[in-house]
Student: 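Mind having a look at this structure? Questions to follow.
Letters A, B, ... are given to chains in the order of the sequence lines, protein chains preceding strands, and every chain is numbered from 1.
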There are 2 protein chains.
Amino acid sequence: MPAATDPSVLGGELATQAARFVRTLRRELDIPASARVLSVLDEHGPSGVTSLASAYGCTQPTMSALVAQLVEQGWTEKSPHPTDTRSTLVSLTPAGHSELARVRRLNGEHVAARLAEHPTLTTAQLRTAVEVLRVLVPAPETQTGSTSS
Amino acid sequence: MPAATDPSVLGGELATQAARFVRTLRRELDIPASARVLSVLDEHGPSGVTSLASAYGCTQPTMSALVAQLVEQGWTEKSPHPTDTRSTLVSLTPAGHSELARVRRLNGEHVAARLAEHPTLTTAQLRTAVEVLRVLVPAPETQTGSTSS
DNA sequence: GGAGATACATAGGATTCCTATGTAAAGTGG
DNA sequence: CCACTTTACATAGGAATCCTATGTATCTCC
C-alpha cells in the first residue's frame, strides 16, 4: 500500500489519518473537547483564560467557552487573580483530576486495544508519532507548569 | 517535558496533538473536509456513496452531504450505476484531480515548512506517524482501488 | 410477488471553533 | 491626575463538520 517518501504525500496522508483518528476517537470514546483542556491545566498549573488558549492552541473566546463548560461540570474553578483584577485563575478541582484520570484511562485502553491487534507497533513508534505531530504544529510556548495526578 | 512510555499517556498525548494538528491545518490551509474525500476517490476509483463512507470512515448521510458539496463544486460527478439503479458511481472530474493536486501541494508545503524548522525530523519518522495513526483507527476495508495523478 | 436487505436522501440537532465587538482594569507619558 | 493604549475576558452570531432517525426506491431470494 502507500509507502511514499514524498513529504507532500506524507503530509496529506498524515492530515487525513489524523482527522480520522480524532473523529473516531470522538465518536467511540465520547470525550468532549473541553476534557483536553484538563490536560493543559494539569501541565501548566492554574492559568488565565488567554494563557490557556495559547497553550491549548485555540482563540480566547473559544477557551472562555471551554472553561465555562468545565466550571459548570465542576472540573475546574475560577478564582480571582491576586494582583490583577481583570484576570482569573482557572484551576483543576479534585473532580477535575478524577476526570482527567478517567479520560487518560479511556485513551490508554483504546490505544492499548489497537496496539494489541498490531504487535509490530512499538510504544517507541507511538512516541515518534506524538513528536511528529507536536512538531507539525506552530507550538505556542513551552513554559513549564505544575504537576499532579 | 512529556517523554512517557506509558501507552495511556501516549494515547492521550496523541489525541491532543492530533486534534490540534487537524484544527491548525483547517485554519491555516482552509481545506474543506470534502477535499479529503477526493483522496479516497483517487485511491479507490469510482465508488458508491456507502462504499465511500466506509472507506472515508464516516456515516452514509455524512458522505451524501460531502459528495453533494463536491459535485456542486464540480470536483466529482455522479453517474448511474450500470446494473444497480439504486446506486450511483461517484467519480473524480478533471477539476477534481486538479484540486486534489492543489490540496496535496498545500499540505506538502505546510509539512515541508515545519520540517525545515526541525532538521532532526526525518521523513521516515513522518511515515511512522502516518502508520501509527492508520493502525489506531478501526480500518474499514483495504480493498485495492484505481490510480491516477 | 412479498419480506427483508441495501443504497441513498432528507430532517433536525449537537459539537466545536472562529471573527467581530464590547467592557473593565492595568499600564504609561505628560 | 488624566487621557490613551494595551490587556483580559465575555458575549453575539455564525460557519463547518458529523451524527441519529427516518423515509423511499430498488434489489434479492424464497
Student: When the distance from CG of A:L25 to C1' of D:dC18 is rounded to whole Å, what number comes out?
Tutor: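 A:L25 atom CG is separated from D:dC18 atom C1' by 15 Å.
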Student: How is the hydrophobic cluster of A:L89 composed, in terms of its other members, when Ile, Leu, Val, Met, Phe, Trp and Tyr link through side-chain heavy atoms under 4.5 Å apart, directly or indirectly?
Tutor: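 A:L89 shares its hydrophobic cluster with no other residue.
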Student: What is the distance from CZ of A:R36 to P of C:dT15, rounded to the nearest Å?
Tutor: 14 Å
Student: Mind calculating the distance between CZ (B:F21) and P (C:dT16) to the nearest angstrom?
Tutor: 21 Å
Student: Can you check whether A:S87 has a side-chain N or O nearer than 4.0 Å to OP1 or OP2 of D:dT7?
Tutor: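 It does not, given that no N or O in the side chain of A:S87 lies less than 4.0 Å from OP1 or OP2 of D:dT7.
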Student: OP1 or OP2 of D:dC9 sitting under 4.0 Å from any side-chain N/O of A:T50?
Tutor: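 For A:T50, the contact criterion (side-chain N or O under 4.0 Å from OP1 or OP2 of D:dC9) is met.
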Student: From CZ of A:R26 over to P of D:dA16, roughly how many Å is that when rounded to an integer?
Tutor: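 A:R26 atom CZ is separated from D:dA16 atom P by 17 Å.
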Student: According to a strict under-4.0 Å criterion, is A:K78 in side-chain N/O contact with OP1 or OP2 of D:dA10?
Tutor: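 The answer is yes; a side-chain N or O of A:K78 sits under 4.0 Å from OP1 or OP2.
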Student: Would you kindly give the NE2-to-P distance between A:H81 and D:dA8, to the nearest whole Å?
Tutor: 10 Å
Student: What residues form a salt bridge (charged side-chain N to carboxylate O under 4.0 Å, His left out) with A:R86, not counting sequence neighbours?
Tutor: A:D84
Student: For B:S47 and B:G45, work out which heavy atoms get closest and say how close.
Tutor: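 The pair with the smallest heavy-atom distance is OG-O, 2.5 Å.
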Student: What I want to find out is whether B:R134 reaches A:E13 closely enough, with some N-O distance under 4.0 Å, to be called a salt bridge.
Tutor: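 Yes, B:R134 and A:E13 are salt-bridged.
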Student: What is the distance, to the nearest angstrom, from the CD atom on A:Q73 to the P atom on C:dT15?
Tutor: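 It is 10 Å, rounded to the nearest whole Å.
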Student: Side chains of A:T59 and A:T62: any donor to acceptor distance under 3.5 Å?
Tutor: yes
Student: Take the protein atom CG of A:D30 and the nucleotide atom C1' of D:dC18, then report the distance between them rounded to whole Å.
Tutor: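 After rounding, the reported distance stands at 13 Å.
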Student: Check the pair B:I31, B:L25 against side chain to side chain contact (heavy atoms under 4.5 Å, CB included), reporting the backbone distance first and the verdict last.
Tutor: CA-CA 8 Å; B:I31 294 171; B:L25 223 50; 6.0 Å; no
Student: Is it the case that one hydrophobic cluster holds both A:L133 and B:V135, taking links as side-chain heavy atoms less than 4.5 Å apart, direct or via other members?
Tutor: yes
Student: Over how many whole Å does the gap from A:L66 atom CG to D:dC9 atom C1' extend?
Tutor: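 Rounding to the nearest Å, CG of A:L66 and C1' of D:dC9 are 14 Å apart.
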Student: Could you tell me which residues satisfy salt bridge (charged side-chain N to carboxylate O under 4.0 Å, His left out) with A:E99, sequence neighbours excluded, listed by chain and number?
Tutor: A:R102
Student: Who pairs with B:R114 by salt bridge (charged side-chain N to carboxylate O under 4.0 Å, His left out), at least two apart in sequence or on another chain?
Tutor: B:E28, B:E117
Student: Can you check each nucleotide of nucleotides 19-28 of chain D against protein heavy atoms at under 4.0 Å and return B for base, S for sugar-phosphate only, - for none, in 5' to 3' order?
Tutor: BBB----BS-
Student: Please list, for nucleotides 13-15 of chain D, all pairs of protein and nucleotide N/O atoms separated by less than 3.5 Å.
Tutor:
none

Student: C:dA9, D:dT17, C:dT16: which one has an atom nearest the side-chain heavy atoms of B:V49?
Tutor: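 Given the options C:dA9, D:dT17, C:dT16, the side chain of B:V49 is closest to C:dA9.
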